[in-house]
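Before any comments, here is the structure.
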Amino acid sequence: MENMINLTIDDKKIQVPKGTTILKAARSAGIEIPTLCHYELKGQGIENRPGSCRVCMVEIEGKKNLAAACATDVSEGMVVKTNTLRVIMARRTVVDLMLSDHPASCLICAQSGKCELQKLALDLGLREITYAGEQSIYKKDVSPAIIRDVNKCIMCRRCETVCNKLQTVGALSGINRGFMAVVATAFEQNLADSSCVMCGQCVQACPVGALSEVDNTRQVMSAINNPKKTVIVQTAPAVRVAIGEEFGLEPGSRVTGKMVSALRKIGFDYVFDTDFAADLTIMEEGTEMLSRISRYMNGDKDVKLPIMTSCCPGWVNFFETYYPDMLDIPSSAKSPAQMFGAIAKSYWAQKLGISREDLVVVSIMPCVAKKYECQREEFKVDGVPDVDYSLTTRELADMIKLLNIKFNELEDEDFDQPLGESTGAAVIFGATGGVIEAATRTAYELFTKKELGKVDFTELRGLDGVREATVDFDGTPIHIGIAHGLGNARKLLDKVRKGEEMFHAIEIMACPGGCVGGAGQPYHHGDFTKVEKRLKAVYEEDASKPLRKSHENPYVQQLYKEFLGEPCGEKSHELLHTRYFDKSEKSFGC
Amino acid sequence: MAKFELNTTKKQKIIDICESFGNKSSEVINVLHGVQGELGYLPAEVQELIAERLHMPVSQVYGIVSFYSFFTMEPKGKYPISICLGTACHVRGSDKILEEFKRQLGIGVGQTTSDDKFSIDCLRCVGACGLAPVVLVGDRVYGRMTVDKVKDVLAEYADK
């Protein structure tokens with residue numbers, strides 16, 4: 001085979017396709033070369049390999065200089081050594097130099113224990129910083145969701161790559177030169193004033209503590225310890241398939257029961273499920289979708305299609321910033337988390353006789369942008385938010401560790417009712433394509449008035465960035481588009497804007513893989529197979545549920561009977577729907 | 001210094017320069033060169049307009065402006081003073097000359113006097129090491145500078 005290259009790495013003979021880097025060739029043979037700046041979302045077409053950190057240096061026989069494995073292609077007959085003394089000493093010097101201006105505040109750094117630089121220093125056995133010198137003194141920047149402490153920036157530029165290439169948001173860029181070089185916003189303005197949509201993928205990508213989420217665990221702990229407050233919690237679908245990783249379990253471990261148990265031990269008065277509100281979202285969004293499609297088919301010229309999902313707060317920020325001309329296209333339905341807050345602080349609080357002021361709603365989300373979403377003015381009543389605090393999956397794990405709860409030894413427990421009941425359709429909200437599949441299950445039955453034989457719409461599943469499928473609604477073809485990652489969303493939206501393609505409905509999630517790959521999930525450090533395993537677990541959880549269609553959720557039915565009336569009715573509009581704002585002044589024409 | 005105003009004439013000039021490079025983001029450095037040549041500097045509003053015309057994030061434009069020392073976001077004085085801090089000038093005491101300019105004008109490096117007359121910048125070697133230490137005012141070269149001569153150099157521009 002002429003396109004295959006034979007080489008030897010650490011005495012192991014291997015064959016790889018031409019154009020493969022030494023790093024990838026080594027990894028394919030199970031040989032680990034340490035890296036720092038390299039970051040790849042495999043299968044998503046995203047690779048950051050500036051070759052700048054020089055941690056992956058290797059020795060090539062016959063070559064005078066060491067080579068960066070991530071930036072050097074293999075060649076026929078090449079003999080590579082990845083762990084000679086010369087290589088190790090070079091790596092040590094490289095990391096030593098990085099530490100020369102890096103704050104040595106590891107003990108109190110948010111990234112401690114998860115930091116890739118810390119791990120390298122440990123693995124390389126560094127015991128002193130030989131070149132300790134000056135440190136940069138940029139100020140800390142705190143947005144509603146993200147903290148930037150660029151004094152810890154090591155210029156790997158992973159955040160810049162995900163912000164520009166994966167998300168096409170372009171809020172971050174390398175600035176200045178030499179010692180002062182960091183990744184920052186235009187004119188070093190605050191992130192909150194920049195074109196940032198708070199998706200948080202930069203936080204997920206940062207190998208050190210330069211980017212982290214705002215920590216709300218203390219506020220939650222003090223609310224729990226305030227005897228006057230009733231504190232309830234809701235958990236997003238993607239959290240239960242990922243939090244186990246924080247306790248050493250395999251990615252994709254389904255730990256719903258343990259998670260519920262841990263939340264009770266933490267001291268939440270009621271442990272509820274965002275999945276309940278996801279079923280509710282389908283009732284609202286599905287009804288809106290059907291109504292818009294029916295009106296369109298009946299020749300109503302005023303109706304706008306496609307209808308687009310609106311669960312994802314990063315995506316909402318994105319279209320408000322970059323597609324202000326399309327604000328009437330997304331569904332007006334609030335996200336499940338915000339629907340939960342609105343129902344908990346009205347229907348449920350009234351039922352239990354708890355005043356709005358004394359009820360604290362906490363959400364556990366795979367997401368960083370949710371921290372911003374729950375602070376939006378339109379989600380407050382008299383200044384009191386529907387959702388008081390939003391914690392990431394990582395923050396929940398931190399609280400569990402703080403309270404010395406032995407997560408892996410916990411017995412499974414069930415959610416409280418009525419706001420803890422959910423169907424399989426709600427669970428798949430955590431995966432790309434899941435929301436539209438859940439909506440399809442319900443819309444199909446409402447539209448055709450027939451029972452759905454097979455609830456699995458496998459044509460809507462998968463991990464391709466942009467997907468299209470036509471679902472047969474008993475003779476009526478419904479054309480559906482799906483995108484995950486905001487760069488992919490942009491591709492799909494530009495097609496719609498130009499009128500190149502007609503869709504009835506589109507689902508968009510800001511993070512790659514959907515919420516399972518969310519910015520608030522355990523760090524995957526560029527190992528996208530972890531996200532794939534979580535995705536698989538979401539569908540397993542769905543299949544394990546006795547009810548698989550949102551409109552079959554008995555407590556959702558009860559909620560409509562007792563309180564809301566009809567889906568998309570007056571009460572629903574008041575509590576469960578929202579509006580969008582033109583934020584294009586932040587986009588600078590991009 | 002009066003606040004920068006992006007009036008219609010300047011705006012059109014910038015749009016024309018972008019246009020002359022086909023509004024291509026790959027030509028951003030040439031565009032920035034052209035615009036700075038026209039306006040003297042590149043304030044934030046100008047970078048935002050360039051980003052919009054070239055369909056690229058303004059953060060990337062700022063990344064380039066902040067990287068290259070040639071580009072400036074501060075307006076220069078009518079008589080920009082450049083003090084060479086290259087090796088030859090340095091060993092002959094150019095740092096003391098720099099301090100004297102700063103003291104007499106009351107401004108720092110990269111700043112402009114309030115009457116917009118002088119600005120101070122440093123550079124590394126102008127290729128006139130034989131004349132070290134060297135100072136430039138605009139295009140004019142002053143060789144074998146001394147601290148005492150700073151007053152005389154500034155005086156030459158007093159009535160201009």
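Hydrogens, waters and symmetry mates are skipped; everything else that's a heavy atom, side chains included, is used. Fair warning: this is a prediction, and the values are worked out from it, not measured in the lab. Proteins come first, then strands; the chains are lettered A, B, ... in the order of their sequence lines, and each starts at number 1.
Contacts between residues 144-155 of chain B and chain A, counted as heavy-atom pairs separated by less than 4.5 Å, involve no residue at all.
Of the listed residues (A184(A), S173(A), G170(A)), the one with the most heavy-atom contacts under 4.5 Å to chain B is S173(A).
Sequence neighbours left out, the pairs with a member in residues 123-160 of chain B that pass ring-ring contact (aromatic ring centres under 6.0 Å, His included) are Y79(B)-Y157(B). Residue pairs satisfying the ring-ring contact (aromatic ring centres under 6.0 Å, His included) criterion with at least one member in residues 133-164 of chain A, sequence neighbours excluded, are absent. Pairs passing the ring-ring contact (aromatic ring centres under 6.0 Å, His included) check and including a residue from residues 151-184 of chain A, sequence neighbours excluded, do not occur.
By the 30° and 60° cut-offs, the orientation of the rings of W315(A) relative to F319(A) is perpendicular. Using cut-offs of 30° and 60° for the angle between ring planes, the Y68(B) and F71(B) rings count as perpendicular. Between Y62(B) and F187(A), the angle of the ring planes goes over 60°, which puts this pair in the perpendicular group of the 30/60° scheme.
Aromatic pair F70(B)/H33(B): ring centres closer than 6.0 Å.
If you measure heavy-atom distances from E160(A) to chain B, the contacts under 4.5 Å come from the side chain alone.
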